[in-house]
Amino acid sequence: MADSDNKIKIEKIKGFRDHYPEDMEIRHSIFTRITETAEDFGYKRIDFPSLEYLDLYKLKSGSELVNQTFSFVDKGGREVTMIPEATPSTVRLLTARKGMPKPVRWYSFPKVWRYEEPQEGRFREHYQFNADLFGIDSAKVDAEIIGLATSILDSLGLSGIYEININDRYLMEYILKDLNINDINNAFSIIDKYRKISRDSFVEMFRKLDANDENINKIIDFLSEKLDMNSLPKKLKKLLNNYKNIEDRIKRIQETSEYVSYYTQSTINFDFSVVRGLSYYTGIVFEAFDITGKLRAILGGGRYNNLATLLSGEDIPAIGFALGDAVIELLLKRQNLWERNMRKVSYYVCVLNDVNPEYPITIAQKIRKTNKIASLDFTGRKLPAQLKSATDFDYSIIIGNDEIKNNSVTLKNMKTVEQKVLSFDDFIKSL
RNA sequence: GCCGGGGUGGGGUAAUGGACAUCCUUGGGGACUGUGGAUCCCUUGACCCGGGUUCGAUUCCCGGUCCCGGCCCCA
């Protein structure tokens with residue numbers, strides 16, 4: 001870029017994405033399918049600011065999170081952050097209206113931000129779909145949320161390429177305490193690393209939590225394989241010193257799993273290594289995984305019964321999940337499903353030179369009134385050039401002085417190349 | 001925050017320590033008067049940024065930046 005051109009070159013900010021029309025067309029189609037599925041379940045859409053007080057996140061996650069957010073002090077001296085996730089905002093909206101009739105079913109599809117190094121399927125800004133159900137704490141609603149999640153994946157054509165892995169924070173805590181491990185948070189973060197680190201370093205880290213080798217081996221044994229729900233009780237009886245007190249909890253997990261199977265054919269496992277990073281989860285946690293194991297979790301969520309209490313003092317049971325657009329895009333592209341699939345019928349109106357615009361505009365407006373797409377070519381170019389612009393459309397319409405004189409429409413199917421002349425009235429009827 | 005690999009017109013590419021930087025596509029103009037979704041001709045347009053080595057750097061070296069990927073972390 002020569003200086004004499006007096007241009008400045010602005011590059012895209014690291015980790016952010018541009019979306020051109022050919023990309024947006026597909027993206028919008030996918031997003032619409034996702035939100036329509038939520039609507040079909042009776043979930044209502046909400047939205048909230050992209051900027052929140054940093055305190056909203058300090059409440060539940062500690063100060064380390066600050067390093068991974070886009071945070072700054074605004075001109076009014078407020079410590080604010082680009083929202084890194086939707087759940088705290090969602091709960092803020094819920095608790096700000098006292099006495100909302102329960103249950104509340106809400107979804108949102110905001111952009112969220114995180115300050116980290118971009119890599120496959122991870123950007124500093126991405127879209128994240130969220131769905132939450134407030135006011136009920138039962139296996140049935142746990143299953144509904146998971147069922148909504150699977151219905152969304154299934155509706156995108158991803159059936160059979162993912163599985164659901166379930167765990168329960170309450171159960172985990174019980175097990176760890178039963179094995180005399182009391183530093184629960186640290187234990188969680190070690191367990192979260194189980195599939196990434198060696199057995200030796202796993203043992204080493206647990207020893208630092210004063211766990212004895214016998215119990216560590218029990219944990220490893222329990223972590224080593226995903227379980228189907230039926231074998232869970234047997235496994236736990238062997239593992240735990242005191243099984244009785246946790247029996248109801250196991251039953252609930254089994255029920256949840258059974259109910260989820262009414263929504264989807266997808267495999268549901270119990271997986272003790274599913275921990276989820278957020279500290280506010282209190283019960284069931286779940287993730288959908290690509291069965292090839294190549295990608296990170298496709299979506300994840302869980303029950304968080306005390307976040308509302310933290311924010312407002314009001315006790316509101318809650319469960320939800322989140323789904324990022326980046327991983328979905330990777331998956332769909334891998335399955336050759338990243339394509340527009342809900343496109344309206346489209347017309348390209350070629351307007352020949354010297355034609356009064358009234359007639360073509362009238363035709364375009366008639367088309368648009370029937371919920372179809374009409375685009376007018378006012379370039380005055382030669383017909384072949386206009387037809388070239390029409391390539392992406394289903395039909396082209398040619399309007400010249402002949403058509404105006406005869407009150408007719410020349411309609412060309414751009415795929416079959418078939419062409420016919422209709423009267424204006426017949427054309428309108430054909431829409 | 002760390003590590004590796006990259007960066008040539010709008011998109012896709014070729015070559016090069018030295019002269020007009022290749023080809024395709026797209027854009028613009030023209031040939032050809034409403035169907036040639038063309039063809040032909042002309043044309044606009046690029047070596048990521050800064051510094052160093054050199055007579056001379058797009059090319060070699062260093063730093064930055066962005067892209068791709070991996071780690072850390074994971075919302």
Side-chain angles (χ1 to χ4, degrees), chain A residues 1-3 5 7-18 20 22 52 56-57 60-62 64-70 81-90 110-126 128-130 188-189 192-193 196-197 275-281 285 287 294 296-297 299-302 304 307 320-324 326-327 330 348 350-355 377 379-393 395-405 408 410-421:
Chain A
M1 210 60 65
D3 287 333
D5 286 348
K7 291 177 196 160
I8 27 172
K9 184 175 183 180
I10 306 288
E11 287 193 308
K12 191 154 55 72
I13 291 178
K14 183 176 183 171
F16 287 70
R17 297 171 290 172
D18 293 325
Y20 284 89
E22 61 276 15
E52 294 272 12
L56 186 60
Y57 307 96
K60 51 89 186 171
S61 293
E64 283 177 20
L65 171 142
V66 177
N67 301 325
Q68 289 158 49
T69 56
F70 276 90
T81 186
M82 305 295 288
I83 60 170
E85 58 157 330
T87 307
S89 300
T90 305
K111 276 184 176 176
V112 298
W113 294 265
R114 54 175 69 169
Y115 198 96
E116 64 177 359
E117 286 310 305
Q119 50 193 283
E120 189 179 33
R122 308 178 77 174
F123 302 97
R124 290 186 170 180
E125 174 183 72
H126 71 284
Q128 194 185 59
F129 172 84
N130 289 265
F188 278 4
S189 81
D192 189 38
K193 291 184 178 68
K196 293 183 195 165
I197 61 180
V275 175
R276 307 288 302 150
L278 287 168
S279 58
Y280 52 64
Y281 288 119
V285 285
E287 292 182 336
K294 294 258 164 55
R296 70 198 75 249
L299 59 82
Y304 52 100
L307 196 54
F321 74 94
L323 162 71
V327 178
L330 283 176
Y348 193 86
C350 302
V351 183
L352 297 178
N353 54 339
D354 298 337
V355 165
D377 191 318
T379 59
R381 292 175 297 177
K382 302 261 163 53
L383 185 55
Q386 295 198 32
L387 285 172
K388 192 180 173 190
S389 297
T391 307
D392 285 340
F393 289 72
Y395 299 94
S396 60
I397 286 170
I398 299 161
I399 301 300
N401 287 320
D402 291 353
E403 282 79 9
I404 291 183
K405 195 166 63 190
S408 65
T410 300
L411 179 68
K412 188 182 179 78
N413 183 317
M414 294 307 284
K415 291 193 181 69
T416 64
V417 195
E418 191 186 346
Q419 180 174 318
K420 57 187 171 183
V421 179

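Letters go in sequence order (proteins before strands), and every chain restarts at 1.
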Can you measure [X] atom [atom1] to [N] atom [atom2] for me and round it to whole angstrom units?
X: A:Lys14; N: B:C2; atom1: NZ; atom2: C1'; answer: 11 Å
X: A:Gln386; N: B:U33; atom1: CD; atom2: P; answer: 16 Å
X: A:Glu11; N: B:G6; atom1: CD; atom2: P; answer: 18 Å
X: A:Arg124; N: B:C73; atom1: CZ; atom2: C1'; answer: 13 Å
X: A:Asp192; N: B:C74; atom1: CG; atom2: P; answer: 7 Å
X: A:Glu116; N: B:C3; atom1: CD; atom2: P; answer: 18 Å
X: A:Tyr281; N: B:C74; atom1: OH; atom2: P; answer: 13 Å
X: A:Glu117; N: B:C74; atom1: CD; atom2: P; answer: 16 Å

Take the angle between the ring planes of A:Phe321 and A:Phe129 and call it parallel below 30°, perpendicular above 60°, tilted in between.
tilted
Across all strands shown, which nucleotide pairs with B:G4 by Watson-Crick or G-U wobble geometry, both distances under 3.5 Å?
B:C68
Determine which nucleotide pairs with B:G36, using a 3.5 Å limit on both distances of a Watson-Crick or G-U wobble pair.
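Looking at the geometry, B:G36 pairs with no nucleotide.
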Short side-chain to backbone donor-acceptor contact, [X] and [Y], under 3.5 Å:
X: A:Arg124; Y: A:Glu116; result: yes
X: A:Glu125; Y: A:Arg17; result: no
X: A:Gln386; Y: A:Val351; result: yes

What distance, rounded to whole Å, do you find between the two [atom1] atoms, one in [N] and one in [M]?
N: B:G50; M: B:A14; atom1: P; result: 25 Å
N: B:C73; M: B:G12; atom1: P; result: 35 Å
N: B:G17; M: B:A57; atom1: C1'; result: 6 Å
N: B:C71; M: B:U13; atom1: C1'; result: 33 Å
N: B:C66; M: B:U8; atom1: C1'; result: 16 Å
N: B:G64; M: B:G10; atom1: P; result: 26 Å
N: B:G52; M: B:G30; atom1: P; result: 48 Å
N: B:U58; M: B:G9; atom1: C1'; result: 14 Å

Could you check whether the side chain of A:Arg122 and the base of B:C73 have a donor-acceptor pair of N or O atoms closer than 3.5 Å, going by distance alone?
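Answer is yes: a donor-acceptor pair is held.
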Give every donor-acceptor pair under 3.5 Å between a side-chain atom in residues 395-402 of chain A and any protein atom, sequence neighbours left out.
none

Should A:Glu117 and A:Lys14 count as an ion pair when the cut-off is N to O under 4.0 Å?
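A:Lys14 and A:Glu117: salt-bridged.
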Got a salt bridge between A:Arg276 and A:Glu287, using NZ or NE/NH1/NH2 to carboxylate O under 4.0 Å?
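A salt bridge links A:Arg276 with A:Glu287.
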When we call it a touch if two heavy atoms are under 4.0 Å apart, what does A:Gly15 touch: a base, just sugar-phosphate, or nothing?
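The residue A:Gly15 makes sugar-phosphate contact but no base contact.
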Regarding A:Ile13, tell me which of base, sugar-phosphate or nothing describes its non-hydrogen contacts under 4.0 Å with the strands shown.
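The answer is sugar-phosphate, as A:Ile13 gets under 4.0 Å only of primed atoms, P, OP1 or OP2.
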Under 4.0 Å protein heavy-atom contact, by nucleotide of nucleotides 34-40 of chain B - B base, S sugar-phosphate only:
BB-BS--
From the set B:G1, B:C72, B:G69, return the single nucleotide nearest to any side-chain atom of A:Glu120.
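That would be B:G69.
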Give a yes or no on this: more than 12 heavy atoms of other residues, nucleotides or ligands lie within 6.0 Å of atom CD of A:Glu418.
no
